[in-house]
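Shown next, in structure tokens, is the structure this report addresses.
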Amino acid sequence: MNSEFVPATRPILPGFHPDPSVCRVGDTYWMVCSSFEYAPGVPLFRSDDLITWEQAGNVLARPSQLDVKGSAPSGGIYAPTLRHHDGRFWMITTNWSDRQGQILTWTDDPAGEWADPVRLPEVKGIDPDLAWDADGTCYLTFSGWVEGGTSRIVQQVIDPSTGAILSGQTELWSGTGGKWPEAPHLYRIGDFWYLLIAEGGTERGHAVTIARGPSPSGPFTPCPDNPLLTARGTDRAAQSTGHADLVRRPDGSWAIVYHGTRPRGATPEWHVLGRETFASNVAWAGGWPELTTPIEPTGAAAVTIDELGDTLPPSWAGASRFAGEVLRRTAQGWCLAGPAFTGRRHQHHDVRVTATIDARHGTGGLEIRIDPRHRLTIEVNGSGVRAVAQIGDLVSTLGRADVADPGSVHVELRATTESTFTGPDQLVAVVVGGVELGRMDGRYLSTEVAGGFTGRMIGVRADSGELGVTAFTYHGSTSSDGPL
Ligand code: 6LW
């Protein structure tokens, strides 16, 4: 690894945005991330400078493109690849839950509609990548399973417009010996084909390694300076860094995006916002890339976003159901048909979310969760309100209050890094008038406790009937977080 490397401390896409894949067309960068059981799937972002991103939509935005009804937490959509080839955008990913292999779709306008995908059910593996050689042959490179149950980086030639498989499976370079070789991306740069992969598993041992060869299928020679990136054994703010993708700027310089976590609190530390996307500048030395300086936002970040206006924002997603299938616009606001959870990513270490709930026709309320079994919920019903914490099998009522008007109950959830002694944050449930119903140590809503690949979501849960939501505002701030 390059000794001049200055690690990034702030993400370019904070919160649960793992497995980034990026491409550039003209002056615009486009990036996608994994979405797991949440729908719409594969959130799509746009930037002019690689630092500030706005969500332009979702690639898998319709039920005809994505079925997550059977997705358990951390099932569904795994790592996507986004590429631009011959005037067209291509996205390929895996739906882990439907056992139908890879999902491949395209569009001429990434912020518009994407085609109903072709499926590649015979391709067994995850983290598919697309690359084309000069004669137009399309190489699908992915992390496949071979005899003995281990994963290897493998490749097949395909026709991307039909999904037809045109060759057998070839085994490529699978890294330097770390577990789970995955996340391959293949690039033609100068005289070589470069194979960039992740290995070591997505936890603290995560790493990015690289090899190069004379053809898209190799043979590949590993970089003598591998790993290109890893945070293992360091005290960097961004840990578990891996799963990278390279992109070239219009001026010919290079950058890399990758994901990592920001664990906090006393040893052994907990991370609560999932795997977030970071970026660095890249220089070339001796025909190999090396990471140099961070690409990151500067200055304090504070945002206030009113989420549920007239239209559903692209950041709003449902667990195992499309948000748009369970949320309905009403004269007063929105209505969620239970049982369901919909929400947005928890993106700042310090947040305050306020909502107004109408529980006359349903029960449910405001919830922060890392999965359905690790959550803090303010539940409202016709007669009162209570805060409920769930940590796996343990479910506990933290506090209750009466409500004067079940048609309009103001509730608030906070995550705060103030006065935390050992954990990453404190979660606080508040009901109308500032009455604190209860609080819990945020480490119980962390990946270290819950497991899985996602991060925290904050949103609305309906248990039964139709729950009204007439306001939902997300306030996020901290000086150490990136912008939205
Ligand atoms: C993804 C793999 C990974 O498919 O985690 O960290 C898996 N990397 O590449 C789920 O995001």
Side-chain angles (χ1 to χ4, degrees), residues 11 13 15-22 31-38 41-43 59-60 68 71-82 91-99 101-103 120 123-130 140-145 150-154 172 174-175 178-186 195-210 227-232 238-246 256-263 271 273-278 317 345 370-371 447-448 450-457:
L13 275 185
F16 155 37
H17 290 110
D19 307 326
S21 177
V22 64
M31 186 156 67
V32 289
C33 294
S34 301
S35 47
F36 300 94
E37 72 270 31
Y38 292 98
V42 188
V59 174
L60 302 177
V68 285
S71 296
S74 290
I77 292 296
Y78 277 29
T81 291
L82 181 67
M91 192 287 300
I92 187 163
T93 186
T94 317
N95 185 347
W96 179 253
S97 302
D98 72 359
R99 305 280 160 195
Q102 318 305 317
I103 295 179
L120 292 83
V123 174
K124 305 273 189 256
I126 58 167
D127 301 1
D129 171 79
L130 296 176
L140 170 66
T141 309
F142 59 102
S143 180
W145 289 279
T150 56
S151 74
R152 311 290 294 165
I153 304 300
V154 295
L172 307 184
S174 288
K179 69 174 179 179
W180 302 122
E182 59 190 13
H185 290 304
L186 188 62
L195 177 61
L196 183 77
I197 74 160
E199 56 176 300
T202 197
E203 314 83 36
R204 292 295 183 104
H206 215 16
V208 178
T209 53
I210 192 165
L228 186 60
L229 172 67
T230 187
R232 61 189 172 221
Q239 289 288 319
S240 306
T241 46
H243 202 118
D245 198 6
L246 288 162
I256 193 166
V257 298
Y258 52 91
H259 71 206
T261 63
R262 288 183 292 167
H271 74 277
L273 302 188
R275 298 171 298 166
E276 311 176 275
T277 289
F278 295 82
R345 285 156 173 79
I370 198 155
D371 68 28
T447 299
E448 284 72 11
F453 295 128
T454 61
R456 284 192 192 153
M457 301 283 287

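One is the number of the first residue; the rest follow in order along the sequence. Both ligands and their constituent atoms are indexed starting at 1 by order of listing.
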* Verify whether the ring centers belonging to F453 and Y78 lie closer than 6.0 Å. => yes
* V68: what forms a side chain to side chain contact (heavy atoms under 4.5 Å, CB included) with it, not counting sequence neighbours? -> A39, L66, S71
* Charged N to carboxylate O below 4.0 Å: is that the case for E199 and K179? -> no
* Asked: Mind checking what residues have non-hydrogen atoms under 4.0 angstrom from ligand 1?
  -> D19, F36, Y78, A79, I126, D127, E182, T202, H206, H243, H259, R275, F453
* Structure fact -> Sorted by chain and number, sequence neighbours left out, ring-ring contact (aromatic ring centres under 6.0 Å, His included) with F142 holds for none
* Are R232 and E203 close enough for a salt bridge, meaning some N to O gap below 4.0 Å? -> no
* Asked: How would you list, by chain and number, every residue that makes a ring-ring contact (aromatic ring centres under 6.0 Å, His included) with H185, sequence neighbours excluded?
  -> none
